[in-house]
There are 2 protein chains.
Amino acid sequence: MNLTVLLHDTRTRLLESAILQFAAKGFDGAGIREIAKGAKANSALVTYHFCGKEGLYLEALKAIFTRKVSPVAALASIPPAGSPGAREAALQGLQDYIRAFITELMSCDGTDPIDEAAMVLMAREMQAPRKASAPLLLEHLAPYVTHLTACLQVLRPDLDEEALFNMGVSIQGQIIHFRNSLGIIRLLRGSPDYPQDLEKLIQHYTDFSLRGLGVPEAFPQPRP
Amino acid sequence: MNLTVLLHDTRTRLLESAILQFAAKGFDGAGIREIAKGAKANSALVTYHFCGKEGLYLEALKAIFTRKVSPVAALASIPPAGSPGAREAALQGLQDYIRAFITELMSCDGTDPIDEAAMVLMAREMQAPRKASAPLLLEHLAPYVTHLTACLQVLRPDLDEEALFNMGVSIQGQIIHFRNSLGIIRLLRGSPDYPQDLEKLIQHYTDFSLRGLGVPEAFPQPRP
DNA sequence: CGAGCTTAATCGATCGATTGAATTCGTCAA
DNA sequence: TTGACGAATTCAATCGATCGATTAAGCTCG
């Protein structure tokens, strides 16, 4: 019995190694032999446990989504529009949402390489989803959109449905782009450890989003 | 002499086919045989003209950047801060920038498949740049950042340098994310032809950005 | 003719998948 | 507790296919 391998069973080790390899080299660039080597397992086990490379990829995606995305979606629902305190609740809900989103996306400060790889893989999949994984993506992203739209609806009841949708895309877009393009952003900024202050970052995205949405409370004093 | 091939020489045809194939299948997924077939050429020409697959990829990227990115960067420079009319010029410059950015990014309505593929390839490269192409990326993106930062500096002289940088990332981020994730966004929205009205989209991103930046003119009337 | 370009053919390497034997594991009879 | 049996798991070895790169001969012009 191998001691270094006792913590996880072979299937789990294959999944974790797959996340690392797929994130680093893409679906075509990563080979099942190297994935198996990273899991200290035999490459034939990919077919045995996952019905081949494609099945392993899908299972790896599923594992990532249930681990990273689902927790954030479990935010408290806001009161329905029109009820007393709905506006304050929606405002707070939107702020919590942005905070949870950024925190979750940035919760991989080198401590867990698998977390970091999971973000890369998720980002790639959102940008150019494989045909087989599009349903998986939609299923796990829908709760986000629902919650966000509900908040926006309360805060800007005057907007039509398309305008609200655009607002949601803008708010999510800034944050996702920040996470996805962190490599380029750090190059452009010239400092590899940006952002140093996560709290300041959350404050920026909250303020920018609330102002962009058109919430008066977030707007600075008008000039004289 | 082949008639169907007279329009471009072999090198150019290989480049265009490479853009299509690399965008569709990624660097590892695309094969030089298929690229050559798409260009009605022999696969050995990849080595002859571009010193191998990697060289072809870099040349394809270079062709994309000089075609899509550089033109947008050629925007009129704004007057220096403090000079009369600087604020109005900066405001207009920012609006022009957003318009030019979106227009260029969306200027591939199925008319030119190479344009569409170029966007996919550029997006992928921004998200996960290959080691060899990072310098190319920085070189072509720097003018954008310079122009945008100059506008922001004039419009919000009270902000420090890091805050201005965050503003720029947010403004660019929404738009880039919109273009990169258009596939998922259309799925979430449920309409494959979104956005129908490009002008309305430009208006949204302009308004959202100006409000997010904290420009009073863009803010709606405060509630009673 | 000679330089630039293009071709078919082939190289060794690596790919994902499969095979059949070897090993480990849970379970139940003795 | 022990031994044995069937199922589940893991293994080394190998399959055909495809990869990028190379070679040497053929072609096209100035």
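Letters A, B, ... are given to chains in the order of the sequence lines, protein chains preceding strands, and every chain is numbered from 1. Not measured: the values here are computed from a predicted model.
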d([atom1], [X]; [atom2], [N]) in whole Å:
| X | N | atom1 | atom2 | result |
| --- | --- | --- | --- | --- |
| Asn42(B) | dA25(D) | CG | C1' | 13 Å |
| Asp28(A) | dC15(C) | CG | P | 12 Å |
| Glu34(A) | dA13(C) | CD | C1' | 14 Å |
| Ile35(B) | dT18(D) | CD1 | P | 17 Å |
| Lys25(B) | dT18(D) | NZ | P | 12 Å |
| Lys40(B) | dT6(C) | NZ | P | 15 Å |
| Lys37(A) | dC15(C) | NZ | C1' | 14 Å |
| Ile32(B) | dA9(C) | CD1 | C1' | 14 Å |

Fill in: Ion pair Lys62(A)/Glu139(A), N-O distance below 4.0 Å
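A salt bridge is absent here (no side-chain N lies under 4.0 Å from a carboxylate O).
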
Worksheet entry | Charged N-O contact under 4.0 Å between Arg99(B) and Glu199(B) |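 Counted as a salt bridge, because a side-chain N and a carboxylate O are separated by less than 4.0 Å.
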
Worksheet item: Between Ala30(B) and His49(A), who's closer to the 5' end of DNA chain D by nearest nucleotide?
Response: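 Nearer the 5' end of the strand: His49(A).
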
Worksheet item: On DNA chain D, nearest-nucleotide positions of Tyr48(A) versus Val46(B): which is more 5'?
Response: Tyr48(A)

Practice prompt. Assign Ala44(A) to base, sugar-phosphate, or nothing according to its heavy-atom contacts below 4.0 angstrom with the strands shown.
Written response: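 The answer is base, as Ala44(A) lies within the cut-off (heavy atoms under 4.0 Å) of a base atom.
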
We want to know whether [X] and [Y] form a side-chain donor-acceptor pair, criterion being a heavy-atom distance below 3.5 angstrom.
| X | Y | value |
| --- | --- | --- |
| Gln92(A) | Tyr97(A) | no |
| Glu162(A) | Asn166(A) | no |
| Gln127(A) | Ser181(B) | no |

Worksheet item: Do any side-chain nitrogens or oxygens of Thr10(A) fall under 4.0 Å of OP1 or OP2 in dT10(D)?
Response: yes

Side chain of [X] only, please: which of [options] is the nearest?
| X | options | value |
| --- | --- | --- |
| Arg33(A) | dT10(C), dC11(D), dT14(D) | dT14(D) |
| Leu45(B) | dT7(C), dA17(C), dG20(D) | dT7(C) |
| Lys53(B) | dG20(D), dT9(D), dA8(C) | dG20(D) |

Worksheet item: Nearest nucleotide by nearest heavy atom, which residue falls closer to the 5' end of DNA chain C, Gly29(A) or Thr47(A)?
Response: Gly29(A)

